[in-house]
Every structure is written in structure tokens, then in C-alpha cells.
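Here is the structure we will look at.
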Amino acid sequence: MEEPKVTHALEDYLKAIYVLMEDGQPVIAARMAAEAGVSASTIFATVRRLEKDGYVTINRRKEIQLTNEGKNIAERTIRRHFLTERFLTDLLGLDWVKAHQEAHRLEHAISQDVEERLAKLLNNPLTCPHGNRIPGAGAVNLGKTMPLNDATDGQTVVLDFITEGGERDVRLLGYLQEHGLLPGANVQVVEVAPSLGMMTLKVGEDQFSLGIEAAKKIRVH
């Protein structure tokens, strides 16, 4: 029996489920629809197809989980995306936003042979430019991290990584790069104003504001 064909669109959906599962909250159709910017009916039909083809399971609470095969496809797609981002930023000098957009276009076209050669060319990096672990690249010891919005007034923290949810927000990516919010940066929390939904931060001599909702997409220690 011929195995079902995984289209580029289905790879994207499997990758989205993987990323949502990484957040530690149940993955349901409504969350997927919000993330993908499509209707709930479109997501429902897609998830049913993924279930039929053996890539996801759906429990009685309507929570979606990847099967081993679905997880493998998602991780391979993410690995190609992250390696491409590394190539575009480290060797070609593209900024974060352009690299992320181009990597999304290229990730589906890269063969396993090219993927392996790309990893070797880049000296087998462990993380993407935004600090996320590259699947299959080995363990990354980040220790205990927390969302940036949990930091308090006067605290100085070190930026570890920007979550995949943050990476998908291209305007946020550009803003973070502009203000030096990069992995390894020392970030001083000047003020947290929950009533305004804002934080005032300082990196080096640059002081600026960041929304608390955006800060939730950044992990620090």
C-alpha cells in the first residue's frame, strides 16, 4: 500500500502542532486556527485528514497530539528551517526577518543530502539564530528559564531564546533585532507596568518598551 503523500501545507500544519505542543498547553482546533489565521472548519478538515493518515491522534477532549510519524516529519521540517536560517544569517548576512521568511520558502525543497551537507558546512550548530534547539543536533543545556514577563523591576536577566511563536511574528522579530534582544544579551528590566501591558527594558545604552504579551514569547534566565 502506498504511503500517503505529505504536502508542503500538511508539513506546515504538523510543524504548527509541534510548536504549540512545545508551549505545554493542550492543542485544540481553535488554537491552531488562531495561529494559522484560517477558519475553524478548515482546521477541522485538515486535522481529520492528518488523523486518517496516521500523523495525529485526537482524544475525547478534542486535544490534538502528534504520532511518532507526525513528530518525525515536524522535526525534520523544523530542522531544515533552522539550518537554512543559520546559513542565511551566518554566511549570507540576512537579517532575522528576511532569513525567517526565506527559510520558510526553502525548508520544503531541501533534500536530506543537502540538509546533511548544510549542517556540516555550518559546523553542526545546536540552535537557530533565535536560540531554539535544532532537532537532531544534540542537547542544549539552557538550565532553568522563564518568560521575560516574569522578571521584576530592577532585575537583570540573560536572553536564552525566542520561542517559535515569537519567530512567527515578523514585526516582533525585527523589533527585537533592532534593539539587541539577541540570545546571550544582558537585559535590564527597568519597569514592569501590568496595568499598561508594557515593560521598559534596557540593553546596553538602548532603553525601550516591549509589550508584556510579546515578552511572554522570550525566555530568559
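Predicted model, so just to flag it, every value in this text is computed and none were measured. Atoms considered below: every heavy atom in the structure, side chains included; atoms not considered: hydrogens, waters and symmetry mates.
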Could you check whether any side-chain N or O of Arg219 sits under 3.5 Å from a backbone N or O of Lys216, counting only pairs where one atom can act as donor and the other as acceptor? yes
Would Ile28 and Arg61 count as a side-chain contact (heavy atoms from CB on, under 4.5 Å) here? Give the steps. CA-CA 9 Å; Ile28 58 176; Arg61 295 187 296 273; over 6 Å; no
Is it true that a side-chain atom of Thr152 and a backbone atom of Gln155 form a donor plus acceptor pair closer than 3.5 Å? no
Is the shortest side-chain heavy-atom distance between Leu14 and Leu66 below 4.5 Å? yes
Val220, Val190: one ILVMFWY side-chain cluster at the under-4.5 Å cut-off? no
Which pairs pass ring-ring contact (aromatic ring centres under 6.0 Å, His included) with one or both residues in residues 59-96, sequence neighbours excluded? His81-His100, Trp96-His130
Please examine the side chains of Thr67 and Val56, heavy atoms only from C-beta on, and report whether any two atoms are closer than 4.5 Å. no
Spatial distance of atom CD1 (Ile43) from atom CZ (Arg48) [nearest 0.5 Å]: 13.0 Å
Checking Asn149 side chain against Ile212 main chain: does a donor-acceptor pair fall under 3.5 Å? no
Side chains of Phe208 and Tyr175, heavy atoms from C-beta outward: is any pair under 4.5 Å? yes
Are a donor atom and an acceptor atom from the side chains of Asn132 and Glu167 found within less than 3.5 Å of each other? yes
Quickly, which of Leu176, Asn186, Thr145, Leu181 forms a side-chain contact (heavy atoms from CB on, under 4.5 Å) with Leu159? Name it, please. Leu181
Heavy-atom side-chain proximity of Thr77 to Ile73 below 4.5 angstrom: yes
Name of the residue among Arg80, Arg76, Arg79, Lys15 meeting salt bridge (Lys or Arg N to Asp or Glu O under 4.0 Å) with Glu107: Lys15
Arg31 (side chain) donor-acceptor with Pro26 (main chain) under 3.5 angstrom: yes
Salt bridge between Asp206 and Lys202, side-chain N to carboxylate O under 4.0 Å? no
Check whether Asp95 reaches the backbone of Val97 with its side chain - one donor and one acceptor, N or O, closer than 3.5 Å. yes
Any side-chain heavy atom of Gln188 within less than 4.5 Å of one from Val157? no
Heavy atoms only: give me the nearest Gly180-Ala185 pair and the separation to one decimal. O-CB, 3.4 Å
Thr163 side, atom OG1; Leu148 side, atom CG - distance, nearest 0.5 Å: 11.5 Å
For the pair Asp150 (side chain) and Met146 (backbone), establish whether a donor and an acceptor sit closer than 3.5 Å, ignoring hydrogens and angles. no
How far does CZ of Arg117 sit from CG of Leu83, to the nearest 0.5 angstrom? 14.5 Å
Minimum heavy-atom separation for Ser209 and Thr200, please, with both atom names. OG-OG1, 4.2 Å
Output for pair (His8 NE2, Glu11 CD), nearest 0.5 Å, gives 6.0 Å
For Ala214 and Leu172, which heavy atoms make the closest approach, and how far apart are they? CB-CD1, 3.9 Å
Testing the basics here: between Glu69 and Gly54, what is the closest heavy-atom pair and its distance to 0.1 Å? CB-O, 4.5 Å
How close do Pro125 and Ala119 get, counting heavy atoms only, and between which atoms? CD-O, 4.0 Å
Considering all heavy atoms of both residues, which atom of Ala103 and which atom of Glu85 are nearest to each other, and what is their separation? CB-CG, 3.6 Å
Any side-chain heavy atom of Ile110 sitting closer than 4.5 Å to one from Thr84? yes
Nearest 0.5 Å, please: how far is CG in Asp90 from CG in Leu92? 9.5 Å
Rounded to the nearest 0.5 angstrom, the CZ-CD1 distance for Arg133 and Ile78 is 9.0 Å
Please determine whether side-chain contact (heavy atoms from CB on, under 4.5 Å) holds for the pair Met199 and Val189, giving the CA-CA distance in whole Å, both sets of side-chain angles, and the decisive distance to 0.1 Å. CA-CA 7 Å; Met199 303 179 73; Val189 180; 3.9 Å; yes
Exam field: side chain Asn59 to backbone Ile64, donor-acceptor pair closer than 3.5 Å: no
Linking I/L/V/M/F/W/Y whenever any side-chain heavy atoms sit under 4.5 Å apart, do Met198 and Val192 land together? no
Should Asp12 and His104 be marked as a side-chain contact (heavy atoms from CB on, under 4.5 Å) after you check the CA-CA gap, both sets of side-chain angles, and the distance that decides it? CA-CA 9 Å; Asp12 285 339; His104 181 69; 3.5 Å; yes
Is Val47 close to Met32 at the side-chain level, that is, under 4.5 Å between some pair of heavy atoms? yes
Quick check on the hydrophobic clustering: are Leu121 and Leu88 connected, directly or via other members, by side-chain heavy-atom contacts under 4.5 Å? yes
Side-chain heavy atoms nearer than 4.5 Å, only ILVMFWY residues, links allowed to pass through others: does that put Val27 and Ile58 together? yes
Begin with the C-alpha distance, continue with both residues' side-chain angles, and end with the deciding distance and a verdict on side-chain contact (heavy atoms from CB on, under 4.5 Å) for Ile218 and Leu210. CA-CA 11 Å; Ile218 300 169; Leu210 182 70; 3.9 Å; yes
Please examine the side chains of Leu126 and Ile134, heavy atoms only from C-beta on, and report whether any two atoms are closer than 4.5 Å. no
